[in-house]
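Report on the structure given below.
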Number of protein chains: 2
Amino acid sequence: MPPNDPTPSVRDSLLDEATRRFAAQGFGGTSLQVIADGVGIRKASLLYHFPSKDALRDAVLERLLARWNALLPGLLLAASEGGAPRRDRFARVMEALTSFFLEDADRARVLLREILDRPDAFRALLARHVRPWIVIVAEQLEAAKADGAVHEDADPEAYAVQVLHLVVGGIAVMDATSALLDAPPERARARFEVELMRIVRAAIFRPQERNTKKIRQAGVRR
Amino acid sequence: MPPNDPTPSVRDSLLDEATRRFAAQGFGGTSLQVIADGVGIRKASLLYHFPSKDALRDAVLERLLARWNALLPGLLLAASEGGAPRRDRFARVMEALTSFFLEDADRARVLLREILDRPDAFRALLARHVRPWIVIVAEQLEAAKADGAVHEDADPEAYAVQVLHLVVGGIAVMDATSALLDAPPERARARFEVELMRIVRAAIFRPQERNTKKIRQAGVRR
DNA sequence: CCTACCGATCGGTAGG
DNA sequence: CCTACCGATCGGTAGG
């Protein structure tokens, strides 16, 4: 799959359009007709590429998860890089996570809707694609309790799940919730991101001592 | 409206059933037929009580927000109770918030779906029913920075919005995400709740001093 | 709250 | 990838 194919296949266009529509109006609220119209083909032609509406949904999810999985090796490396301080490693994983969904908020919306629409079906998918990450992160945080970097009363596994939801769900509904802030949309969004990272960090790491090095003035600016 | 009417009106039954269906399959994924079937009347009869599907949705949301608003006076009182320590007041507000949605997770699901389905329409609603609360909480937290109870680099307004999402969204998808924890469902749910409260607290309040006047360890902030 | 009915649209098929 | 078409279901109306 060349990432920058100048002439995307009809199949890819259909997946793009379906993703947008499913994200915006949901699976039940989207008809095959509007997806076909959006790509400029007949509905019957859509059903040539995907034998049913369910098959189309599966393909949308499959592609989304494939892109997510493509990110994992790099993430795993960043997370377990022995040299870097724990906080930096953690920040790098968090940044990769957030940027994946900020890059295209429809990814977050499709996943969130899937959880709501088919919680049972999604459980299996979560167990396969997400659980391993929860375990790795939780182990690292649990180990970090020993040298006092992490709050002792934290439940690292539950914490990791909450953070995941905070990022994915937060980005999915960001357009609406950022209106709750007394600031223009652009600024609201920025404050949202900064505060998200602050919460995530403050909730797990204990305050750092200042004497050794005077680095770390908070905030992962990019 | 008597709260414990032994024979609920058809109208109420329709609202109950619609809420359940909208929460589970979404507005677009729910037909008037299944709602009518669920209550044991004809679809045409449903349309006698609610002139259109849109009107039914509006009524579902209206009732939900009315119940939410009924909670507010007590909440406001708990939040501004001058005598109690700030942390206790905060905890009381948080508990009222979470218990409202834990009492019936469909409330959280309907709201979350509404944000996804109609972000623009929901913005106005958020501004009216939720913004005032954000402002009050944010003001209290901002003031609390002065006596060192709250992290100075926190953005109280953005924090309050994130917490709101953490609670509402978290409860909406709890069934699916609790499967990510290595524990039986009941236990997973409990850990979820406990860790949620810990995160919310640790993210905003600075660690409490153990003996009254020992303020050294954090050093001079900023 | 019912029976009876409407046009429009739904997901999907036949056949090329 | 198209034209042509299907039965089923959609939200909604008429009239009682």
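Below, chain A is the first sequence line, B the second, and so on; all start at residue 1. As the structure is a prediction and not an experimental result, all values here were calculated from the model.
Rounded to an integer number of Å, the gap from NE2 of B:His49 to P of D:dG11 is 17 Å. Look at CG on A:Asp37: it is 15 Å from P on D:dC1, rounded to the nearest Å. One atom, NZ of B:Lys53, and another, P of C:dC10, lie 12 Å apart when rounded to the nearest Å. Between the CD1 atom of B:Ile35 and the P atom of D:dG11 there is a distance of 8 Å, rounded to whole Å. Rounded to an integer number of Å, the gap from CG of B:Leu32 to P of C:dT9 is 17 Å. In this structure, B:Arg21 atom CZ and D:dC10 atom C1' are separated by 16 Å, rounded to whole Å. Nucleotide D:dC10 holds its C1' atom 15 Å from the CG atom of B:Leu56, rounded to whole Å. Atom CG of A:Asp54 is separated from atom P of C:dG12 by 7 Å (rounded to the nearest Å).
Under the side chain to side chain contact (heavy atoms under 4.5 Å, CB included) test applied with B:Leu166, the options B:Ile171, B:Thr98, B:Val161, B:Leu196 reduce to a single match, B:Leu196. The side chain to side chain donor-acceptor pair (under 3.5 Å) test with B:Asp16 is passed by exactly one of B:Arg63, B:Arg21, B:Arg11: B:Arg63.
One finds no side-chain N or O of A:Ser31 lying less than 4.0 angstrom from the OP1 or OP2 phosphate oxygen of C:dT9. Within the structure, a side-chain polar atom (N or O) of B:Ser45 is placed less than 4.0 Å from OP1 or OP2 of C:dC2.
Cation-pi geometry between A:Arg87 and A:Phe205 is met: the NZ or CZ atom falls under 6.0 Å from the ring centre, inside 45° of the normal. The cationic atom of B:Arg107 (NZ for Lys, CZ for Arg) lies less than 6.0 Å from the six-membered ring centre of B:Phe100 and within 45° of the ring axis.
As judged by a 4.0 angstrom heavy-atom cut-off over every strand, B:Leu47 is placed among the base-contacting residues.
Closest to the B:Lys43 side chain, of the nucleotides C:dC1, D:dG12, C:dT3, is D:dG12. Listed candidates were D:dA4, C:dC2, C:dC1. Nearest to the side chain of A:Ala44 is D:dA4.
For C:dC5, the paired base is D:dG12 (Watson-Crick or G-U wobble, both distances below 3.5 Å).
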